[in-house]
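In this text the structure is predicted, and so the values were computed from the model without any measurement.
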There are 2 protein chains.
Amino acid sequence: MVSKLRQDITAKSKSAGGALGGLRMTRQRKLVYDVLLDERDHPTATEVFIRSKARMSSISLATVYNCLETLSAAGLVKQVNVGRDASRYCPNLAEHAHFVCVKCEKVYDIGLKCNEEVESVWALPEGSRIDHLEVAMKGLCAECNGGDKRSGKMEEQV
Amino acid sequence: MVSKLRQDITAKSKSAGGALGGLRMTRQRKLVYDVLLDERDHPTATEVFIRSKARMSSISLATVYNCLETLSAAGLVKQVNVGRDASRYCPNLAEHAHFVCVKCEKVYDIGLKCNEEVESVWALPEGSRIDHLEVAMKGLCAECNGGDKRSGKMEEQV
DNA sequence: TTGATATCAAGAATTATTCTAAATAAAGAT
DNA sequence: ATCTTTATTTAGAATAATTCTTGATATCAA
Ligand SMILES: [Mn+2]
Ligand SMILES: [Mn+2]
Ligand SMILES: [Zn+2]
Ligand SMILES: [Zn+2]
């Protein structure tokens with residue numbers, strides 16, 4: 001289903017028919033997806049709405065929520081949650097974590113180190129199945145943390 | 001400040017004075033903390049409210065939110081967020097992740113493997129400072145995943 | 001006891017998100 | 001091209017978690 005929708009996106013707005021009741025690559029869905037691809041700064045639904053409205057004045061916030069939900073369900077987009085803040089959206093499908101700078105509020109993609117896998121550090125319970133993993137970090141980005149040489153260290157736990 | 005409040009909790013409700021304007025270990029704060037220690041099932045604020053109300057009928061939901069916020073800020077309790085769901089609260093101060101079973105909805109603490117550290121798998125940006133890390137997983141717990149032998153595997157990414 | 005300050009409690013307010021229902025658009029068939 | 005069916009969009013109402021406001025209480029320290 002993922003590939004189905006994606007080929008329709010890269011190709012030319014044809015029906016996705018069959019499988020999941022017939023998903024259509026509509027102008028709105030394409031626009032929302034393009035907005036995410038254009039500026040990869042993890043916008044919130046409202047930010048996506050504002051950017052989309054600039055290109056299609058008739059689009060509604062409800063539709064933006066619908067499209068983001070559809071694209072997420074289709075696997076083309078990831079919904080990103082950091083704490084209690086509004087969800088943000090990200091078209092980067094590679095496995096990655098998110099880091100939010102508490103000062104400048106920028107959201108950074110954090111990739112996995114080569115040959116590492118996230119599960120390796122956690123003592124996962126035997127017999128369970130993990131479908132979804134979300135890793136969120138907060139702190140000061142390099143720019144906002146200027147001067148301080150103690151980089152990449154977690155505050156120790158009590 | 002953490003230890004300050006904690007000793008007051010374990011000891012006998014004395015003022016925490018000084019430092020942060022004088023935090024007091026009130027009956028309500030103690031109760032909320034006790035509720036969390038009593039049943040370590042990561043209750044939501046509303047669940048904490050219900051349990052607290054059973055022991056102190058006068059307590060209000062607003063106060064429960066206040067107490068949870070104060071205890072979290074003091075470092076005695078962790079606020080746990082999984083997706084968009086209501087925050088849950090956890091008195092386990094050891095570094096750990098959370099796993100929610102999408103079927104039975106139980107929340108499990110997932111500890112770090114011995115000698116491992118979370119940051120080791122991520123390519124953290126040089127010069128930044130991470131103050132906070134939250135890891136949330138979703139899937140089927142061992143009981144709800146009965147029969148299936150393919151355990152602990154993440155669904156592959158596209 | 002008294003005055004200063006911290007905390008509590010009830011309800012209003014806020015905010016992100018979801019729901020509802022009617023209007024519109026797209027796809028396939030004729 | 002027209003018709004039919006179904007998916008989608010839209011505006012606004014509704015929801016739910018959380019925060020805010022304000023006056024009442026409790027606690028501390030003098
Ligand atoms: Mn991302
Ligand atoms: Mn926990
Ligand atoms: Zn920054
Ligand atoms: Zn389960």
Inset, instruction - Whole angstrom is fine here: how far is it from CG in A/Leu23 over to C1' in D/dT6? - result: 13 Å

Inset, instruction - Write down the distance between NZ (A/Lys53) and C1' (D/dA11), rounded to a whole number of angstrom. - result: 11 Å

Legend entry - Side chain of A/Arg24 (C-beta onward), nearest among D/dT8, D/dT9, D/dC28: D/dT8

Legend entry - B/Arg55/B/Asp38 ion pair, N-O < 4.0 Å: yes

Legend entry - Gap between atom OG1 of A/Thr70 and atom CG of A/Leu76 - 0.5 Å precision: 10.5 Å

Legend entry - Rounded distance (nearest 0.5 Å) linking atom CG of B/Asn66 with atom OG of B/Ser60: 7.5 Å

Legend entry - Protein-nucleotide distance (B/Arg27, atom CZ; C/dA6, atom C1'), rounded to Å: 16 Å

Inset, instruction - Each residue besides B/Val82 in its hydrophobic cluster should be listed here, by chain and number; the cluster joins Ile, Leu, Val, Met, Phe, Trp and Tyr at side-chain heavy-atom distances under 4.5 Å. - result: B/Val80, B/Val100, B/Val107

Legend entry - Net bend of the helix from C/dT1-D/dA30 to C/dT30-D/dA1, end axes of five pairs each, nearest 10 degrees: 30°

Legend entry - Nucleotide-resolved protein contact map, nucleotides 15-22 of chain C, B/S/- at heavy-atom distance under 4.0 Å: -SBB----

Inset, instruction - For A/Tyr65, check side-chain hydrogen bond (donor to acceptor under 3.5 Å, both in side chains) against everything at least two apart and list the hits. - result: none

Inset, instruction - Rounded to the nearest angstrom, tell me the gap between atom CE in B/Met25 and atom C1' in C/dT7. - result: 12 Å

Legend entry - Side-chain N or O of B/Thr26 closer than 4.0 Å to phosphate OP1/OP2 of C/dA6: no

Legend entry - A/Leu71 CG to D/dT9 C1', straight-line distance once rounded to whole Å: 15 Å

Inset, instruction - Could you tell me the separation between the NZ atom of A/Lys30 and the C1' atom of D/dT8, rounded to a whole number of Å? - result: 18 Å

Legend entry - Between P of C/dA25 and CZ of A/Arg29, the distance in whole Å: 15 Å

Inset, instruction - Give a yes or no on this: more than 12 heavy atoms of other residues, nucleotides or ligands lie within 6.0 Å of atom NZ of A/Lys103. - result: no

Inset, instruction - Calculate, to the nearest 0.5 Å, the distance between atoms CD and NZ belonging to A/Gln28 and A/Lys30 respectively. - result: 12.5 Å

Inset, instruction - Indicate whether OP1 or OP2 belonging to C/dA9 is found under 4.0 Å from a side-chain N or O atom of B/Gln28. - result: yes

Legend entry - Distance, rounded to the nearest Å, where A/Ile59 contributes CD1 and D/dT10 contributes C1': 10 Å

Inset, instruction - Look at B/Thr63 and C/dT7 and indicate whether a side-chain polar atom (N or O) is within less than 4.0 Å of OP1 or OP2. - result: no

Legend entry - Which residues share a side-chain hydrogen bond (donor to acceptor under 3.5 Å, both in side chains) with A/Glu116, sequence neighbours left out: none

Side-chain donor/acceptor pairs under 3.5 Å, residues 83-90 of chain A, sequence neighbours excluded:
from: A/Arg84; atom 1: NE; to: B/Asn81; atom 2: OD1; distance (Å): 3.0
from: A/Arg84; atom 1: NE; to: B/Ser87; atom 2: OG; distance (Å): 3.1
from: A/Arg84; atom 1: NH2; to: B/Asp85; atom 2: O; distance (Å): 2.4
from: A/Ser87; atom 1: OG; to: A/Gln79; atom 2: NE2; distance (Å): 2.9
from: A/Ser87; atom 1: OG; to: A/Asn81; atom 2: OD1; distance (Å): 2.7
from: A/Ser87; atom 1: OG; to: B/Arg84; atom 2: NE; distance (Å): 3.1
from: A/Arg88; atom 1: NH1; to: A/His42; atom 2: O; distance (Å): 2.7

